[in-house]
Amino acid sequence: MNQVLEIERCDLNIKNNNSSHHTDLNGEERLIVRRGEPFNIILHLKPGSKEFKLDESSFTFIVETGPLPRKESDTQVSFNLCNSTVDTEWSASAINNPSENTLCVYINSSPNSPIGVYSLSLDQEGQKTHLGQFTLLFNAWCPRDAVYMHNERKRKEYVLSQHGQIYKGTYKRIKGTPWNFGQFESGILDICLKILDENPKFVSDADKDCSARRNPIYVTRVLSAMINSNDDRGVLVGEWYDFSGGVHPGAWIGSGDILHKWAESGPVRYGQCWVFAALACTVSRALGIPCRVVTNFRSAHDTDANLVIENLYNDNAEKISSDSIWNFHVWVDSWMTRPDLGPEYDGWQTSDPTPQEPSDGVFCCGPASLRAIKEGELTKKYDTPFIFAEVNADVVDMLHLSNGEVIRFSGSTKSVGCFISTKAVGSDERHDITHQYKYPEGGAVLCGIGTHITYCTLITSDRLIQLSAFAFDKQTIDYSKTEKTIVLDEPDIDIKLMGDATVNQPVTANLTLLNPLPEQLQDCSFTIEGVGLTDGKPITVKTGAVGPKEEAKASVEFSPSSSGSTVLLVNFDSNKLSNIKSFVNVVVKEGETN
């Protein structure tokens, strides 16, 4: 009969494992590992236990995930102790340390395992011992993982970086807006897993959904649907007009506050494209999928899937069609293989969580291969025609006369999709990736800006004014249109840290903004937020009214919780001037030890 070892306790070796699996930024409260890579646990045997011998042992490890673990779904896997681990499937090996009465067990997960929370148990001749729990993520460092990315600088940017730039404005006035992704902040990973568990596919068939979480294509498509709340209890409610009863989309400066609010009370109000994309980036990176936020300037919204933006006007110059061109639109690219399409389609895949058009009956979009988008291979899933139109649609301007006649009076094949932008690897510079989405079209971008904007007598927080002019000569049947978008400059926020930033020591940020308007600003406030600086929550200080050409000032105190390089984001808000953002890089020093 094989020996049965009496185990006193199991040490999951969290600190060392998390460090080697690039999850140490999640903290040391629990074991978080990446699939396809070994981790080790230490079994402490009870005093007097027999010395471990591999040929006399009967060790079977059992890992389980999901509410209904099944071998057929690969959500329950059993594997025996062997001489060495293998890197293609679940396996285990052990080293005995008799002097310390311990057994060090090395466990290698399959690089094709479903991600999620797992339980780990040991079965010895029918005697089962629960050893603990661990969370398994996608692994961009593992060549056998579908999200493998061979460049270390890119892995640090697209998986590990917790802050970035999101580009907004117009193609003539591109402005980077800082954002805290905060994927390693306390509680965020649990919320990201909760998002997967709240998705309707899990609710209808938990076994099938959990099994499918091995596939980053599936997970990315689920996230595309769950980041918006149109079909489910998704994270964010989209709104472009009336922001009463919620937070203006431009006021957010990080993902953490939104995700915590959703976990506590359901869909959060409100978001627009850059907020949806930033959340998708946070959740993707938290789960281990390399992800970048992408802005497409002059982005087309093709509502009838004919790859043409049809701007139809009546003879009063009023637009009566639903197609549109946005100043900019923001989505995400995620890095993965595409075995469903072929190896030539591996790499960046576009998905868009902003609810625009339904896909298979659900408001989601993608993932679509950038290769398929660029080559115009519109039969390749998912939603390639819609994304192709966003960057490459033709534009036709038409007039619908009162007699029913429709006249085409202008158009362009080159005005959609330009200056497609993302943050550069390792810096805060803008990286133009237009060439990854489309071939050069030549010529200048035409006619300024599109027809989507809601500007009338009021200037919104976007600080954009669109001017449109139409000229009609009905006798000669001659019609022309021109448009121009004016971008209003915004004031700068001056940020000064009063002294060095040190772990667990208070430091003050002095904030100043000059009111450029010839009128008083009411309800002025500054909000700061930073990964490792503000305990995962924004800090807001109200400063009251500020007169014309006067300065709004505030001093905000915070205590950094971790050392290293990070970013402090600042947002200014008031009744007349809102969503003004700036940031400063901060290096936090270790505190003194006794």
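With Asp383 as the fixed residue, the side-chain hydrogen bond (donor to acceptor under 3.5 Å, both in side chains) test singles out one of Ser359, Ser351, Ser224: Ser359.
Salt bridge annotation for Arg214-Asp74: present, with a cationic side-chain nitrogen under 4.0 angstrom from a carboxylate oxygen. Taking a cutoff of 4.0 Å between a charged side-chain nitrogen and a carboxylate oxygen, Lys261 and Glu264 do not qualify as a salt bridge.
Residues Met398 and Glu310 have side chains in contact (heavy-atom distance under 4.5 Å, counting atoms from C-beta outward). With contacts defined as side-chain heavy-atom distances shorter than 4.5 Å, the pair Met336/Ile217 qualifies. Using a 4.5 Å heavy-atom cutoff, the side chains of Asn228 and Val235 are not in contact. With contacts defined as side-chain heavy-atom distances shorter than 4.5 Å, the pair Asp397/Tyr313 qualifies. Leu193 has its side chain within reach of Leu287: a pair of non-hydrogen atoms, C-beta onward, lies under 4.5 Å apart. Here the side chains of Leu236 and Leu279 are in contact, with some heavy-atom distance below 4.5 Å.
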Checklist entry - Which is it for Asn392 and Val416 under the side-chain contact (heavy atoms from CB on, under 4.5 Å) test, yes or no, and what are the steps along the way? => result CA-CA 6 Å; Asn392 234 340; Val416 163; 5.9 Å; no
Checklist entry - Run the side-chain contact (heavy atoms from CB on, under 4.5 Å) check on His400 and Ile320 step by step: do they pass? => result CA-CA 9 Å; His400 190 279; Ile320 56 176; 4.0 Å; yes
Item to check | salt bridge (charged side-chain N to carboxylate O under 4.0 Å, His left out) assessment of Arg155 paired with Glu152 | outcome: CA-CA 5 Å; Arg155 290 192 292 251; Glu152 176 62 15; 2.6 Å; yes
Next on the checklist: side-chain contact (heavy atoms from CB on, under 4.5 Å), that's the test. Do Phe297 and Ser421 meet it? Break it down for me.
Outcome noted: CA-CA 8 Å; Phe297 289 93; Ser421 305; 3.8 Å; yes
Checklist entry - Yes or no on salt bridge (charged side-chain N to carboxylate O under 4.0 Å, His left out) for Asp209 and Arg213, after CA distance, side-chain angles and deciding distance? => result CA-CA 6 Å; Asp209 176 81; Arg213 293 181 190 180; 2.7 Å; yes
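Ring geometry, Trp331 versus His329: the interplanar angle exceeds 60°, so the pair is classed perpendicular (tilted spans 30 to 60°). Below 30°, between 30° and 60°, or above 60°: for Tyr171 and Phe419 the angle between ring planes is below 30°, a parallel geometry. Ring-plane geometry between His150 and Tyr148 is classed as tilted, the angle between the planes lying from 30 to 60 degrees on a 0 to 90 degree scale. Ring geometry for Phe386 against His301 counts as perpendicular: the plane angle is over 60°, on a 0 to 90° scale with 30° as the lower cut.
Seen from the ring of Trp348, Arg292 counts as a face-on cation partner, given the 6.0 Å and 45° thresholds. No cation-pi contact links Arg269 to Phe243, judged by a cut-off of 6.0 Å to the six-membered ring centre and 45° from its axis. With a 6.0 Å cutoff to the six-membered ring centre and a 45° limit on the axis angle, Lys175 does not count as a cation-pi contact of Tyr167.
By the salt bridge (charged side-chain N to carboxylate O under 4.0 Å, His left out) test, Asp145 is found to be paired with Arg35, residues two or more places apart in sequence or in another chain being considered.
Judged purely by atom type and a 3.5 angstrom limit, Thr337 has no side-chain atom pairing as donor or acceptor with the backbone of Pro339. With hydrogens and angles disregarded, no donor-acceptor distance shorter than 3.5 Å links the side chain of Lys423 to the backbone of Val293. When atom types are taken as modelled, the side chain of Asp190 and the backbone of Lys194 share no donor-acceptor pair closer than 3.5 angstrom. Arg285 places a side-chain N or O within 3.5 Å of a backbone atom of Tyr158 that can act as its donor or acceptor partner. Of the possible donor and acceptor atoms, none in the side chain of Trp335 sits under 3.5 Å from a partner among the backbone N and O of Ile289. The closest donor-acceptor contact from the side chain of Lys380 to the backbone of Ala368 lies at 3.5 Å or more, if one exists at all.
A donor-acceptor contact closer than 3.5 angstrom links the side chains of Arg338 and Gln349.
When all heavy atoms are compared, the tightest approach of Ser574 to Ser578 is O-CB, 3.8 Å.
Ring pair His163/Trp179: centre-to-centre distance not below 6.0 Å.
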